[in-house]
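Quick note on labels: first sequence line is chain A, next is B, and so on, each numbered from 1.
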Amino acid sequence: MPELPEVETIARGLAPEVLGRTILAVQVLDPSALKPSPEAFLALALNQTIAGVGRRGKLLLLHLASPAPHANHNDHNNDHNASTSSSGILAIHLRMTGRVMAYAPGITPDKPRAILNLSGGVALSFADVRRFGSMHAFAPGEIDAWPFYRDLGPEPLTLAASDFRSRLTGSRSRIKALLLDQHVIAGIGNIYADEALFRASIRPTTPASALSPRQLNALHAAIQAVLTQAIAENGSSIRDYRTAHGDAGAFQNHFQAYGRAGKPCTRCQVPMVSAKVAGRTSTYCERCQK
DNA sequence: ACGGATTCCTGATGGC
DNA sequence: TGCCATCAGGAATCCG
C-alpha cells in the first residue's frame with residue numbers, strides 16, 4: 001500500500017517524464033475516480049502544464065500552470081498576467097492499490113481508471129483495482145480548504161524530535177493508532193508504523209502517555225531511518241505498488257516486523273506475534289518490544 | 001477522549 | 001475442482 005516512501009518514489013520517477021508537458025486530453029474510464037466530478041476535473045486540468053511534482057503525506061501532487069499565452073490577436077491580454085502564475089493542483093491519493101505510471105505510446109498499462117494524455121506523446125495513467133483511490137482537481141488556492149489536506153500533520157522526515165514528542169505526549173491513545181493518524185503525522189501507514197515500532201522496541205499497544213522522552217526520541221529516529229531507507233530502496237512492493245516506471249520496490253526484503261507473524265524475531269529469534277491494533281494487523285516481538 | 005464497528009472494493013488465499 | 005468465507009487496508013463516520 002503506497003505510504004510516504006512509495007509516493008515519494010513515484011513523485012521522483014514521474015517528474016522527469018511529465019514536467020513541462022501539457023495535459024492535452026483526459027480519458028475517463030471510471031468517472032468515480034475523478035473528483036469533485038469528471039466535468040470539473042476536465043475543466044481544471046485540460047490545457048494546463050505540469051509545472052511541479054510533489055508529495056504531501058501520502059498525496060501525490062501535480063502542480064499545474066497555465067501555458068504562456070501566445071501572441072494572438074483574438075486574445076484580450078490586458079492582464080498583468082498575475083493570474084497565470086498561480087496554479088491549480090491535481091492531488092492523487094492511491095489508497096491501497098493505486099498505481100500512477102508514465103508511459104510512452106504503444107504500452108498498455110493495467111486497466112486504468114483514467115489516463116492523462118500529455119504533450120510529447122507521454123501518457124500518465126491512474127490504475128486502481130480496488131477503486132479506493134482518487135484524483136482530485138483543485139483551482140488555485142482551493143486545496144488549502146480541503147479538510148483532508150488542510151488537517152494533515154507535519155512531514156515526518158522534517159519534523160524535529162521535540163515537536164514529535166510534543167504531538168504525542170498528551171494522548172492516552174495507543175502509540176500505533178497515533179502513528180497511523182494522518183492528523184498527527186502525515187504519511188505513515190501500517191507497514192512503516194510496524195517497522196518503526198520494532199526498531200524503537202516499542203509495543204504498538206503502549207499508550208503514548210506511557211512513553212518516556214527517551215523512547216519518543218528513539219521512535220522519532222526510527223521513523224526517519226526506516227522512511228529514508230525505504231525511499232532509497234524505491235519503496236515496498238507487497239503486491240500492487242509499482243514505481244512510475246512500473247518497477248517493484250525492494251524494501252519489502254528488509255521487513256523486520258510487517259507480515260512476519262510466526263517468523264523469528266531478527267533480534268532475539270522468538271516468534272513474532274500479531275494482534276489487531278487500531279483495526280489493523282500489527283506484528284511485533286513480545287520480548288523485544290515493551 | 002478513545003476504541004470499535006462499518007463502509008467502500010476486489011483479488012488472493014485457505015478450508016472442505 | 002469448485003465454492004464460500006475470510007482477509008487485506010486508508011480514512012470517514014457513527015456509536016458507545
Checklist line | Pairs meeting criterion ring-ring contact (aromatic ring centres under 6.0 Å, His included) with involvement of residues 258-290 of chain A, two or more places apart | finding: A:Phe255-A:Tyr258

Next item on the list: At the 4.0 Å heavy-atom cut-off to chain A, mark where contacts on DNA chain B begin and end, going 5' to 3'.
Entry: B:dC2 to B:dA12

Checklist line | Any pair counted as salt bridge (Lys or Arg N to Asp or Glu O under 4.0 Å), so long as it reaches residues 88-102 of chain A, sequence neighbours left out | finding: A:Arg99-A:Asp110

Margin query: So A:Leu118 and A:Ile50, do their side chains get closer than 4.5 Å, heavy atoms only?
Written below: yes

Margin query: Go nucleotide by nucleotide along DNA chain B from the 5' end; which of A:Ala177 and A:Arg239 gets its closest nucleotide reached first?
Written below: A:Ala177

Next item on the list: Only counting residues at least two apart or in another chain, list the ones meeting salt bridge (charged side-chain N to carboxylate O under 4.0 Å, His left out) with A:Lys176.
Entry: A:Asp194

Checklist line | side chain to side chain donor-acceptor pair (under 3.5 Å) against A:Ser134, all qualifying residues, sequence neighbours excluded | finding: A:His136

Next item on the list: State which residues pass side chain to side chain donor-acceptor pair (under 3.5 Å) with A:Arg199; sequence neighbours excluded, sorted by chain then number.
Entry: A:Gln229

Next item on the list: Using a 4.0 Å heavy-atom cut-off across all strands, classify A:Ser171 as base, sugar-phosphate, or nothing.
Entry: sugar-phosphate

Item checked: Pairs meeting criterion salt bridge (Lys or Arg N to Asp or Glu O under 4.0 Å) with involvement of residues 221-238 of chain A, two or more places apart -> none

Check: When every nucleotide of nucleotides 10-16 of chain C is labelled 5' to 3' by its protein contacts under 4.0 Å (heavy atoms), B for base, S for sugar-phosphate only, - for none, what sequence of letters results?
Finding: BBS----

Ignoring hydrogens and angles, write down the donor-acceptor pairs under 3.5 Å from the side chains of residues 263-275 of chain A, residues two or more places apart or on other chains.
unit_1	atom_1	unit_2	atom_2	d
A:Thr266	OG1	A:Gln256	NE2	2.8
A:Arg267	NH1	A:Ser201	OG	3.2
A:Arg267	NH2	A:Phe198	O	2.9

Next item on the list: Determine which pairs satisfy salt bridge (Lys or Arg N to Asp or Glu O under 4.0 Å) with at least one residue from residues 272-286 of chain A, sequence neighbours left out, and list them in order.
Entry: none

Note to self: So for the helix from B:dC2-C:dG16 to B:dC16-C:dG2, with five pairs setting each end axis, what is the inter-axis angle to 10°?
What the structure shows: 60°

Note to self: Just to verify, what does A:Ser236 make a side chain to side chain donor-acceptor pair (under 3.5 Å) with, not counting sequence neighbours?
What the structure shows: A:Tyr192

